[in-house]
Each structure stands twice: as C-alpha cells, then as structure tokens.
Student: 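Pasting a structure here, questions to come.
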Protein chains: 2
Amino acid sequence: MKARILPHEFLEQMSGALRVLGHAYRLRIVEHLDLRGPAPGHQLLAELGGAQGALSQHLARLRQAGVIQAERRGKEVWYSLAAPAALTILNCMRKRQGEGK
Amino acid sequence: MKARILPHEFLEQMSGALRVLGHAYRLRIVEHLDLRGPAPGHQLLAELGGAQGALSQHLARLRQAGVIQAERRGKEVWYSLAAPAALTILNCMRKRQGEGK
DNA sequence: TAAATATATCATGATTTGATGATATGTCAA
DNA sequence: TTGACATATCATCAAATCATGATATATTTA
C-alpha cells in the first residue's frame, strides 16, 4: 500500500480522536470496555473510581469522538467500543508495554 | 497474547504521547518525516508552512515525547522519527482513510 | 568581526481542558 | 406521587495549550 498524503480534513478528525485518547482516565475506560465488554456507567464508576460527573464528561467526549457508543437500557446507560481504530492504538500500546519499551 | 491491565505509570506515558500526536500540525510533521525521511527544520518549515517559532515548539514537544530525534549538522538540525509506536498509529490512520471511514 | 542563516526561547493573551461540587434530568419501583 | 438510583449538566477556577510576534543563540561564511 502506497502511503499518500492524508487530506487536511481527515487529519483534523484524527488529531481530534488522538487528543481524546490522550488522557489516562479515558484510556482506562477504553481498556476496560475492551477487556470486559460493554458496561453501564455505574459499573465503570465502581471499578475506575473518581467523581461521577467527571466520568460522565469523559464518556461524553469519547462518544463525541466516535470512540464509544451509548445505549440506554432502563435507568442504565450501557457503553461499548465503537471505533476499531481506538483498539488498534490500544493494542499497539500493549505490545510496547509487553516489550518493556 | 493475553491482554493484561496496563500499569498506571505506563498509561500516563502513553496518554502523554497520544496527546502530543493529537494536533494536526504535529501529525503532519510525523507524516512528512515518514514519507520523505529525515529533514532539517527549515525544510519542514518551507513545506508545511506556519511560523518558525511555532514549528520549533512543536518539534520540541515531539522530541520530549520521544516521537522524533534531533541531530545538529552545522547550522541545521535534522529531525527523524524515533518512535515505531507513532508510525503504527499513523499507519492505522492511513488504513482508515483508505477505507473511507 | 560582521552579516546571514537556522533554530530556540520568551512574553503575552486567547482558548481549551480538567477537577470539583452542586444541581438537574430520566427511569423505575413502592 | 414519592423516593431511590443512574446519568447528565452546570458553574467555577486552576492549569495547560496554542498562536503570535519579538528576541536570543548557534553556526557558517564573507
């Protein structure tokens, strides 16, 4: 595959997505959804800790960036991964971590 | 490969690196160094445009994050990619772009 | 040494981000 | 309808980021 220069608009989108992932707590959310599958907000809160309002805002940013999906079920809202690209990045990190880099 | 929960300190490092890549101009720098190989600052400036001071500061951030290397040769400073992880992310984006996602 | 080129740094202000605590909204069950 | 639970939003403030223009440093050449 020959790499061509990425279009400006696309680069803007992607840099936005990377910036959203550039936060330890949000990365932790993505990791959790990947390892344990979809989960409601209160479960994420119980496992990851922190303030409820903060979690909600982080989830909102991930949703706006298209990294996760949200679906209300009764009084819960279930979150799940929506962007394969985010997973690719996460797995890239896992590999580096495994190599001790 | 079984994915284990990433250590906190590592997650902090990685989120920092992602945040550094989360800027269109800096992504453009990384892309340029990948496509055309190492280059001195003034060449990057000529091709990418913008203010010289801004370029210098973006290069500094990329260097601090370990994404690029710098080496002085005479009055020039040559920059080159230093982080395979950054390339993996870039290639991941190229693939998505190619798929029109 | 002086000028020219290449790069780095600094000061400033505007904008964004992040954390916190409080409050509002939505949903279900008693 | 009231209360409990789950989630979202708001207000505020501190800190980080970003763009800009000016200035400083380093290196080579005249």
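Quick note on labels: first sequence line is chain A, next is B, and so on, each numbered from 1.
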Student: Under 4.5 Å between side-chain heavy atoms, counting indirect links through other Ile/Leu/Val/Met/Phe/Trp/Tyr residues: same cluster for A:Val30 and A:Trp78 or not?
Tutor: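 No, A:Val30 and A:Trp78 fall in different hydrophobic clusters.
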Student: Taking A:Arg28 for the side chain and B:Leu6 for the main chain, is one N or O donor matched with an acceptor at less than 3.5 Å?
Tutor: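 Flag set: sc A:Arg28 to bb B:Leu6 pair under 3.5 Å.
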Student: Side-chain N or O of A:His42 less than 4.0 angstrom from OP1 or OP2 on C:dT27?
Tutor: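 For C:dT27, OP1/OP2 do not have a side-chain N/O of A:His42 under 4.0 Å.
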Student: Should A:Tyr79 be listed as having a side-chain N or O under 4.0 Å from OP1 or OP2 of D:dA6?
Tutor: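 For D:dA6, OP1/OP2 do not have a side-chain N/O of A:Tyr79 under 4.0 Å.
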Student: Please report the distance, rounded to the nearest Å, between CH2 in A:Trp78 and C1' in C:dG26.
Tutor: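 Between C1' of C:dG26 and CH2 of A:Trp78: 18 Å.
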Student: Are A:Leu35 and A:Leu45 grouped together when hydrophobic residues (ILVMFWY) are joined by side-chain heavy atoms under 4.5 angstrom apart?
Tutor: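 Cluster IDs for A:Leu35 and A:Leu45 differ.
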Student: Whole angstrom is fine here: how far is it from CZ in B:Arg72 over to P in C:dA6?
Tutor: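 Taking atom P of C:dA6 as the reference, CZ of B:Arg72 is at 12 Å.
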Student: Could you tell me the separation between the CZ atom of B:Arg26 and the C1' atom of D:dA16, rounded to a whole number of Å?
Tutor: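 Distance, rounded to whole Å: 12 Å.
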Student: Looking at B:Gly74, is its backbone amide N or carbonyl O close enough to the side chain of B:Arg72 to form a donor-acceptor pair, meaning the two atoms are under 3.5 Å apart?
Tutor: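 Yes, because the side chain of B:Arg72 sits within donor-acceptor range (under 3.5 Å) of the backbone of B:Gly74.
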Student: Main chain of A:Leu11, side chain of A:Ser15: is a donor-acceptor contact present, judged purely on distance under 3.5 Å?
Tutor: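 Answer holds: yes.
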Student: Is there a path of hydrophobic side-chain contacts, each under 4.5 Å between heavy atoms of I, L, V, M, F, W or Y residues, that connects B:Leu18 with A:Tyr25?
Tutor: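 Per the 4.5 Å side-chain linkage, B:Leu18 and A:Tyr25 are co-clustered.
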Student: Can you tell me how far C1' of C:dC28 sits from CZ of A:Arg73, to the nearest Å?
Tutor: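 These atoms are roughly 17 Å apart.
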Student: Please list, by residue number, the residues of residues 43-65 of chain B whose heavy atoms come closer than 4.0 Å to an atom of DNA chain C; answer none if no residue qualifies.
Tutor: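 B:Gln52, B:Gly53, B:Ser56, B:Gln57, B:Arg63 - these, ordered by number, are the residues of the stretch whose heavy atoms sit under 4.0 Å from the strand.
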Student: Taking the side chain of A:Lys75 as its heavy atoms from C-beta onward, which of D:dA6, D:dC18, C:dG18 lies nearest to it?
Tutor: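 Taking heavy atoms from C-beta onward, the closest nucleotide is D:dA6.
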Student: A:Leu33 pairs by side chain to side chain contact (heavy atoms under 4.5 Å, CB included) with which of A:Val67, A:Leu62, A:Leu44?
Tutor: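 With A:Leu33 as partner, A:Val67, A:Leu62, A:Leu44 yield a single side chain to side chain contact (heavy atoms under 4.5 Å, CB included), made by A:Leu44.
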Student: Could you state the CD-C1' distance from A:Glu71 to D:dA6, rounded to the nearest angstrom?
Tutor: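 Nearest whole value for this atom pair: 15 Å.
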Student: Figure out the OH/P separation between A:Tyr25 and C:dG18, and round it to whole Å.
Tutor: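 About 13 Å, once rounded to whole Å.
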Student: What integer distance in Å separates A:Glu76:CD from C:dC28:P?
Tutor: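 My rounded result for the distance is 11 Å.
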Student: Can you tell me how far P of C:dT15 sits from NE2 of B:His23, to the nearest Å?
Tutor: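 So the NE2-P distance, B:His23 to C:dT15, works out to 16 Å.
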